[in-house]
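Numbers for residues simply follow the sequence, beginning at 1. Heavy-atom basis, side chains included; hydrogens, waters and symmetry copies ignored.
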Amino acid sequence: EVQLVESGGGLVQAGGSLRVSCAASGFAFDDYDIGWFRQAPGKEREGISLISRGESSTYYTDSVKGRFTISRDNAKSTAYLQMNSLKPEDTAVYYCAAGRHATVVIETIFGMDYWGEGTLVTVSS
């Protein structure tokens, strides 16, 4: 059974840091690109970061560039999103996803095959 399980969400003050993790099982993790998405209350889900299967390339949407860092440990089948300098507007449910052939077109991530259930990140002002 394919599973992606996010963890590490919580409540943090503005300016603080948080690292969310995505533990994968049931598929060949190192054959998949991994993306992080978020959905804020009343807004559409947006793709915010992507890392290629071989870690050779990464993508960040403009709103998180310079503050967030995506990484992965293929030996542990786990991906991470380190979030620094958090802002109240970063409050959202954060989801990880895996795709064999993910791509970014005009700041939109396409091609994800598997999704996690999400973890809530709340940034207080």
Side-chain angles (χ1 to χ4, degrees):
E1 179 190 5
V2 171
Q3 280 193 315
L4 290 168
V5 180
E6 301 92 341
S7 61
L11 175 64
V12 63
Q13 286 190 329
S17 298
L18 209 58
R19 188 178 79 160
V20 290
S21 301
C22 171
S25 60
F27 64 100
F29 182 79
D30 51 3
D31 280 347
Y32 284 72
D33 305 317
I34 300 296
W36 283 97
F37 298 73
R38 67 184 180 186
Q39 187 165 20
K43 294 189 176 181
E44 291 188 355
R45 186 175 62 196
E46 64 168 335
I48 59 172
S49 188
L50 183 71
I51 186 167
S52 63
R53 65 199 67 189
E55 303 178 69
S56 59
S57 66
T58 57
Y59 159 80
Y60 299 94
T61 195
D62 284 347
S63 61
V64 307
K65 205 172 290 182
R67 300 188 298 123
F68 291 10
T69 303
I70 192 170
S71 62
R72 63 190 294 165
D73 184 338
N74 286 343
K76 294 182 179 179
S77 295
T78 302
Y80 307 95
L81 187 68
Q82 176 68 44
M83 303 182 290
N84 299 328
S85 302
L86 282 161
K87 306 174 182 180
E89 51 264 43
D90 293 318
T91 294
V93 177
Y94 283 71
Y95 301 89
C96 67
R100 285 295 304 276
H101 304 290
T103 186
V104 181
V105 179
I106 314 177
E107 297 249 334
T108 302
I109 300 174
F110 294 95
M112 311 314 288
D113 301 309
Y114 306 126
W115 292 84
E117 297 285 320
T119 185
L120 177 62
V121 173
T122 304
V123 184
S124 63
S125 57

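The minimum heavy-atom distance linking Leu86 with Arg67 is given by the pair CA-NH1, 3.9 Å. Between Val121 and Gly9, the shortest heavy-atom contact is CG2-CA, 4.1 Å. Pairing each heavy atom of Ser21 with each of Thr78, the nearest pair is CB-CG2, 4.4 Å. Looking at every heavy atom in both residues, Ala102 comes nearest to Met112 through CB-SD, 3.8 Å. Here the closest non-hydrogen pair linking Leu4 and Ala24 is CD2-CB, 3.5 Å. Looking at every heavy atom in both residues, Ile48 comes nearest to Ile109 through N-CD1, 4.2 Å.
The distance from the CZ atom of Arg38 to the SG atom of Cys96 is 15.5 Å, given to the nearest 0.5 Å. Rounded to the nearest 0.5 Å, atoms OG1 (Thr91) and NZ (Lys43) are 10.5 Å apart. A distance of 11.5 Å separates CG of Asp33 from CD of Glu55, quoted to the nearest 0.5 Å. Atom CD of Glu107 is separated from atom OG of Ser63 by 8.0 Å, given to the nearest 0.5 angstrom. Note that CG of Asn74 and CG of Asp31 are 9.0 Å apart. Values are rounded to the nearest 0.5 Å. Rounded to the nearest 0.5 Å, atoms CZ (Arg19) and OG (Ser71) are 7.0 Å apart.
In this structure a side-chain-to-backbone donor-acceptor pair under 3.5 Å is missing from Ser85 to Gly15. The backbone N or O of Phe29 lies less than 3.5 Å from a partner atom in the side chain of Arg72, making a donor-acceptor pair. At distances below 3.5 Å, not a single donor-acceptor pair connects side-chain atoms of Glu6 with backbone N or O atoms of Val20. Side-chain atoms of Tyr60 come within 3.5 Å of backbone N or O of Ile70 as a donor-acceptor pair.
Taking the six-membered ring where the residue is Trp, the centroids of Trp36 and Phe68 are separated by 6.0 Å or more.
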- Message: side-chain hydrogen bond (donor to acceptor under 3.5 Å, both in side chains) for Ser17 and Asn84? Distances and angles first, verdict last.
- Response: CA-CA 4 Å; Ser17 298; Asn84 299 328; 2.9 Å; yes
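For Glu117, the CD atom sits in a loose shell: 12 or fewer heavy atoms of surrounding residues, nucleotides or ligands are nearer than 6.0 Å. Other residues, nucleotides and ligands contribute at most 12 non-hydrogen atoms within 6.0 Å of the NZ atom of Lys76.
Linking Ile, Leu, Val, Met, Phe, Trp and Tyr whenever their side-chain heavy atoms come within less than 4.5 Å puts Leu81 and Val12 in one cluster. In the hydrophobic clustering of ILVMFWY residues, with side-chain heavy atoms under 4.5 Å counting as a link, Val2 and Tyr32 come out together. Hydrophobic cluster membership is shared by Trp115 and Leu120, with clusters built from Ile, Leu, Val, Met, Phe, Trp and Tyr side chains linked at under 4.5 angstrom. By the criterion of side-chain heavy atoms lying less than 4.5 angstrom apart, applied directly or through intervening Ile, Leu, Val, Met, Phe, Trp or Tyr residues, Tyr94 is grouped together with Ile34 in one hydrophobic cluster. Hydrophobic clustering, with ILVMFWY side chains joined whenever heavy atoms are under 4.5 angstrom apart, keeps Tyr80 apart from Leu18.
The aromatic rings of Tyr114 and Phe27 sit tilted, their planes meeting at an angle between 30° and 60°.
Between Lys87 and Asp90 there is no salt bridge, since none of the side-chain N atoms of the basic residue sits less than 4.0 Å from a carboxylate O of the acidic one.
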